[in-house]
> 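Please see the structure below; I have some questions.
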Amino acid sequence: MNERKVRVRFAPSPTGPLHIGGVRTALFNYLFAKKHGGDFLLRIEDTDQTRYVPGAEEYIQEALEWCGINVDEGPKQGGPFGPYRQSERKALYNQYADQLIESGHAYYAFDTPEELDEARTSAEGKGATFTYNALSRGSMKNSLSLPEKEWKGLLNSPVHYVIRFKMPDNSDVTEVDLIRGSVTFNTSLLDDKVLFKSDGMPTYHLANVVDDHLMEITHVIRGEEWLPSMPLHVLLYRAFGWQGTMPRFTHLPLILKPEGKGKLSKRDGDKMGFPVFPLLWRDPVTGEPSRGYREDGYFADAFINMLALLGWNPGTEQEIFSLNELSEAFSLDRVGKAGARFDPEKTKWFNHQYFVKKSDKELGELFLPVLINKGIETDLQVAIKVAGIVKERCNFVSDLWDQSYYLFQSPATYDEKIIIKRWKDGVPEIMNEIAGFFESVGSWKGPEIKEPFSAYVTAKGWNFGTVMNSLRLCLVGGSFGPDIFEICEIIGKEETISRIRKAVETIKI
RNA sequence: GGUCUGUUCAUCUAAGGGUUAGGAUUCAAGAUUUUCAUUCUUGCCAUAGGGGUUCGAAUCCCCUACAGACUACCA
C-alpha cells in the first residue's frame, strides 16, 4: 500500500461558485500531491441534478487555473480513469449497489419521503430523533421487514425505492485521521444511509467510495464537515472488500468568520467588504454579482500564499512562499486542528508583499491601461516611472492611481488644513520668485533641479521647510506624495511653473 | 437533544514535559525621510476555567465552559 503512487482528488459539487474554503481544500490536495510526486485529480460530484447550477463547473475550472493549481486528470483534461463527472459514470454504480445487496450489506427500502417525514416528526414529538437503523428498520417498509414475495413485487412495480446501507448494530469503528489521530464512532448512533436514490443516481457516499477506489485514490483530504461520515465510508470499503487499498483520511479545519461565530459565508464578505470567492461570480438566476479576488486586484500568488498559511504553517518564520516553494514545504502534520478565523487585513498585507516585489516595468504595464481608461494621454515609460516611485504605498494596481493622480492632473482643490498651516504671509511672493527661478533652470532632472534650488533658497535666507511644504501644496494640492523634485521632473518644467502660478492666484486665506 | 471535533496575544500561529511562552498581521509610540508613504526601533497583548499525574505541564489525564461540524432520497 505504501508503494502506491500518491493520488488525491478535489471533488466539488457544481452547485455554485467555489468558496475560498473550497479553494484551500483544493490547494492542500494539490500541494500534498506535488510534494509526493503524485497526481491531483478533479472530479465533479454532480449526483444531485436538482442542485445543478449552470456555469459552476466552468467557474471551478477557471478558478483553479487562475490559482495555478494544475489539474492532472479531470473532466476537461481527461485521463485514464475517466469520466471525471459522476453524472457520466451513472451506469457504473448499479453493479456496486447490487453487490452490497447480495452480500447482505445493503437492502431495498420503500418508505416514501412523506412516511419518513412522519416518522421524524412523531419522534420529535416524543423528544427523540428518528434514526433509520437496526432498532427501527424492522418497523419500516423494506426488504428486511417485508415478506420476500411482497418486496420483490414492489421491486417490479412502479413504486420508487432506494437502497440503504445496513449499518451494523453497536460496534465501534476506529479510523485514523492524519491530522487528528485516531477517531472512534459507535455504529448504533449512525443511521442506514441511503446509498442509491430513487432517481437512479447514487448518493455522495456510494459514489465517492466507488470512485475513489476505481480512481486509485490514496489520500482523501477534505473539509471537516465530512468527519462524521468517515465511519460510513470506512464500513463501505470493508463491505466491498477494499480495505487493503482504502485511502488514508484527513479532515481539514474550517475557515471561520473574521468576527463573530461560525464558518465563513458569502454574507461576511458582503458585510465587511472583502471577497469570499476567487473569481467574480454572477448568479445565473438573479444576476446578482459576488466579488472575486481576481477582479478586486489581488495577485493569484498572493492569494494562494495567504490561503496556504491559513491552517498550515511551515514551522519556520518564512511567510512568503511561491506555489513551488509551498509544494516543497507542505506536510499534513503541520496543518492545525482548530478552525482558522479569516483575516482580510492580512490578505491585503500579502498582496502588498507581492506588489512591491514586482518590477517597475511589470507594474507600469498593469498601470498603463488604467491611465488610458482615465483618459490620460501618456505612455508606458511614464507609467513605469510613476509605478516605481509610488508602489511602496500601494496594495493594489488600483491604488496606483489614487497615489499618483496629481502627477497627471493639476490640483483642482487645495487642502484647507495645509493652507492654514503653510500659506503664511509672504509665501505667495516666495512662490512667485521660485516660479521665476525655475524658468532659469536648464536641465529638468530631479537631482539637477534640487541642487541649484537648494543653493537659491539658502542664498535667499528662506526657511527650507516652509518653502518645500508650500511648494508641495502648489504642486499636489496637499501634503503628500513622493520627493518634490521627482514630482517636478515627471510633470515637467512648464507644468511645474504653471501649477505654482495657478496656486498663487487661487489660494486665498 | 445526540455524536464527533476543537480551544495559546484582537487575528494567523511557534514552542511535540524544563525558554523571560517566539514570530507575523492589526493598533500605538519614537526615529528617519525637512511632506505623506516606505523603512527601522519600541510598546500593548495569550496558554478558557477547575482538578489531577509529575521535581517540573501550554504540552499527559479527568471534569466544566465555550465554539464548530454533522444529525436529508444535499454534497
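Proteins get letters first, then strands, A, B, ... in listed order; numbering begins at 1 in each. Reckoned from all heavy atoms, side chains included, excluding hydrogens, waters and symmetry mates.
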> What does B:U71 pair with, Watson-Crick or G-U, if both distances are under 3.5 Å?
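Partner of B:U71: B:G1.
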> In whole angstrom, give me the gap between the C1' atoms of B:C45 and B:C27.
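Approximately 10 Å lies between the C1' atom of B:C45 and that of B:C27.
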> Can you spot which of A:F303, A:Y354, A:Y293, A:W349 makes a ring pair (Phe, Tyr, Trp, His ring centres under 6.0 Å) with A:Y298?
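Option passing the ring pair (Phe, Tyr, Trp, His ring centres under 6.0 Å) with A:Y298: A:Y293.
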> Nearest-nucleotide wise, let me know which of A:Q403 and A:T184 is further upstream toward the 5' end of RNA chain B.
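The 5'-side residue here is A:T184.
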> Does NZ or CZ of A:R24 fall inside the cone over A:F28's six-membered ring, less than 6.0 Å from its centre and within 45° of the axis?
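Ring-cation test returns yes.
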> Which base, if any, makes a Watson-Crick or G-U wobble pair with B:A29, both distances under 3.5 Å?
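Its partner is B:U41 (Watson-Crick or G-U wobble, both distances under 3.5 Å).
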> What is the nucleic acid contact for A:G336, judged by heavy atoms within less than 4.0 Å: base, sugar-phosphate only, or nothing?
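It contacts nothing in the nucleic acid.
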> Whole-Å distance between B:C73 P and A:F110 CZ?
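So the two atoms are 16 Å apart, to the nearest Å.
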> Provide the distance between the two P atoms, one in B:C12 and one in B:U47, to the nearest whole Å.
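It works out to 16 Å between them.
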> What contact category does A:R422 fall into here, base, sugar-phosphate, or nothing, at under 4.0 angstrom with non-hydrogen atoms?
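Result for A:R422 = nothing.
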> Between B:U8 and B:G23, how many Å separate the two C1' atoms, rounded to a whole number?
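That atom pair is separated by 13 Å.
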> Students often get this wrong, so: under 4.0 angstrom with heavy atoms, is A:F185 touching a base, only sugar-phosphate, or nothing?
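Contact class for A:F185: sugar-phosphate only.
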> Rounding to an integer number of angstrom, what distance separates B:C70 and B:A75 when you compare their C1' atoms?
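Roughly 13 Å separates the two C1' atoms.
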> B:C62 and B:A67: how far apart are their P atoms, nearest whole angstrom?
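Going atom to atom, P in each nucleotide, I get 22 Å.
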> Considering residues at least two apart in sequence or located in another chain, which fulfil the ring pair (Phe, Tyr, Trp, His ring centres under 6.0 Å) criterion with A:H233?
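With neighbours one apart ignored, the set is A:Y204, A:H205.
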> Do A:Y107 and A:D192 meet the criterion of a side-chain donor-acceptor pair at a distance under 3.5 Å?
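There is such a pair between these side chains.
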> Is the positively charged end of A:K450 above the ring of A:F453, judged by distance under 6.0 angstrom from the centroid and angle within 45° of the axis?
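Checked: cation-pi criterion not met.
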> Name every residue in residues 467-480 of chain A that has at least one heavy atom under 4.0 Å from any atom of RNA chain B, in order of residue number, or write none if there are no such residues.
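By residue number: A:N469, A:R472, A:S479, A:F480.
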> In whole angstroms, how far is the C1' atom of B:U25 from the NZ atom of A:K348?
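In whole Å, B:U25 C1' lies 12 Å from A:K348 NZ.
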> Which whole-number value in Å describes the distance from A:Y406 OH to B:C36 P?
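Answer to the nearest Å: 13 Å.
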> Applying a 3.5 Å limit to both distances, which nucleotide forms a Watson-Crick or G-U wobble pair with B:C66?
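Here B:C66 is engaged in a pair, and the nucleotide opposite it is B:G6.
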> Return the nearest nucleotide to the side chain of A:L227; candidates are B:U5, B:G2, B:C74.
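The answer is B:U5.
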> What nucleotide, of B:C73, B:A14, B:A69, holds the atom closest to the side chain of A:R334?
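Closest of the options to the side chain of A:R334: B:A14.
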> Need one value for A:D111: base, sugar-phosphate or nothing, where a base atom within 4.0 Å counts as base even if backbone is also close, heavy atoms only.
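Here A:D111 touches the bases of the nucleic acid.
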> Let me know the distance between CG of A:N313 and P of B:G16, rounded to the nearest Å.
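So the CG-P distance, A:N313 to B:G16, works out to 13 Å.
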> Is it the case that A:S87 and A:D46 place a side-chain donor and acceptor less than 3.5 Å from each other?
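A donor-acceptor contact under 3.5 Å links the two side chains.
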> Between B:C74 and B:G22, how many Å separate the two C1' atoms, rounded to a whole number?
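Approximately 44 Å lies between the C1' atom of B:C74 and that of B:G22.
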> Test of understanding: with side-chain hydrogen bond (donor to acceptor under 3.5 Å, both in side chains), list the residues that count as partners of A:N29, not counting sequence neighbours.
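In terms of side-chain hydrogen bond (donor to acceptor under 3.5 Å, both in side chains), with neighbours along the sequence ignored, A:N29 is linked to no residue.
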> Quickly work out the A:K391 NZ to B:U39 P distance and round it to whole Å.
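Distance check: A:K391 NZ to B:U39 P gives 13 Å.
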> Does OP1 or OP2 of B:U71 have a side-chain N or O of A:K193 closer than 4.0 Å?
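Answer no for this pair, as no side-chain N or O of A:K193 is under 4.0 Å from OP1 or OP2.
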> Starting from C1' on B:U13, measure out to CZ on A:F350 and report it in whole angstrom.
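Computing the A:F350:CZ to B:U13:C1' distance gives 11 Å.
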> Distance-only criterion, 3.5 Å: show the donor-acceptor pairs between side-chain atoms of residues 407-421 of chain A and protein atoms not counting sequence neighbours.
residue, atom, partner, partner atom, Å
A:S410, OG, A:K502, NZ, 3.1
A:D415, OD1, A:K417, N, 2.9

> Among residues 157-174 of chain A, which contact RNA chain B at a heavy-atom distance under 4.0 Å?
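When residues 157-174 of chain A is checked for heavy atoms under 4.0 Å from RNA chain B, the hits, listed by number, are A:V162, A:R164.
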> Which one, B:A69, B:A75, B:A37, comes nearest to the side chain of A:R393?
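Comparing B:A69, B:A75, B:A37 against the side chain of A:R393, the answer is B:A37.
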> Indicate every side-chain donor-acceptor pair of residues 194-202 of chain A with a distance under 3.5 Å to a residue at least two apart or in another chain.
residue, atom, partner, partner atom, Å
A:K197, NZ, A:T47, O, 3.0
A:D199, OD1, A:M201, N, 2.9

> Tell me which nucleotide among B:U3, B:A75, B:C73 gets nearest to the side chain of A:W226.
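Minimum distance to the A:W226 side chain belongs to B:A75.
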> Of the nucleotides B:U25, B:A69, B:G1, which one has an atom closest to the side chain of A:K263?
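It is B:A69.
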> Check each residue of residues 44-53 of chain A for a non-hydrogen atom within less than 4.0 Å of any atom in RNA chain B, then write out the ones that pass by number, or none.
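Close to the strand are A:E45, A:T47, A:D48, A:R51.
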> Donor-acceptor pair, distance only, cut-off 3.5 Å: does the side chain of A:N133 make one with the backbone of A:S136?
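Between the backbone of A:S136 and the side chain of A:N133 there is a qualifying donor-acceptor contact (under 3.5 Å).
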> How close or far is atom P of B:C4 from atom NE2 of A:H251, stated in whole angstroms?
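Going from A:H251 (NE2) to B:C4 (P), I get 15 Å.
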> In the structure shown, which nucleotide is the Watson-Crick or G-U wobble counterpart of B:U54, with both distances under 3.5 Å?
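Partner of B:U54: none.
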> Could you tell me which nucleotide pairs with B:A14 by Watson-Crick or G-U wobble geometry, both distances under 3.5 Å, or answer none if nothing does?
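Matched B:A14 with nothing under the 3.5 Å cut-off.
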> Any chance the side chains of A:N142 and A:D111 put a donor and an acceptor closer than 3.5 Å?
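A:N142 vs A:D111: no donor-acceptor pair found between side chains.
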> So is A:R164 actually on top of A:Y132's ring, under 6.0 Å and inside 45° of the axis?
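Verdict for A:Y132: a cation-pi partner in A:R164.
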> Who passes side-chain hydrogen bond (donor to acceptor under 3.5 Å, both in side chains) against A:N395, sequence neighbours left out?
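Here the qualifying residues are A:H352.
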> Going by atom type alone, with no hydrogens or angles, which donor-acceptor pairs under 3.5 Å involve a side-chain atom of residues 340-347 of chain A and a protein atom two or more places apart or on another chain?
residue, atom, partner, partner atom, Å
A:R341, NH1, A:K257, O, 3.1
A:R341, NH1, A:G260, O, 2.9
A:R341, NH2, A:G260, O, 3.3
A:D343, OD1, A:E345, N, 3.0
A:D343, OD1, A:K346, N, 3.4
A:K346, NZ, A:E319, OE1, 3.4
A:T347, OG1, A:D343, O, 3.0

> side-chain hydrogen bond (donor to acceptor under 3.5 Å, both in side chains) with A:K358: which residues, sequence neighbours excluded?
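Not a single residue meets the side-chain hydrogen bond (donor to acceptor under 3.5 Å, both in side chains) criterion with A:K358.
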> Between B:A69 and B:C73, how many Å separate the two C1' atoms, rounded to a whole number?
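Each nucleotide's C1' atom is 22 Å from the other's.
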> In whole Å, what is the span from the CG atom of A:L232 to the C1' atom of B:U71?
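In whole Å, B:U71 C1' and A:L232 CG are 13 Å from each other.
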> List every contact pair, protein side and nucleotides 6-12 of chain B side both N or O, where the distance is under 3.5 Å.
residue, atom, partner, partner atom, Å
B:C12, OP1, A:R341, N, 2.8
B:C12, O2', A:L309, O, 3.1

> Quick one: do the A:R180 and A:H251 side chains pair a donor with an acceptor below 3.5 Å?
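Checked: A:R180/A:H251 side chains show no N/O donor-acceptor pair below 3.5 Å.
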> Considering residues at least two apart in sequence or located in another chain, which fulfil the side-chain hydrogen bond (donor to acceptor under 3.5 Å, both in side chains) criterion with A:T50?
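side-chain hydrogen bond (donor to acceptor under 3.5 Å, both in side chains) check on A:T50 returns A:D48.
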> Only pairs with both distances under 3.5 Å count, Watson-Crick or wobble alike; so what is the partner of B:C36 in this structure?
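Paired with no nucleotide.
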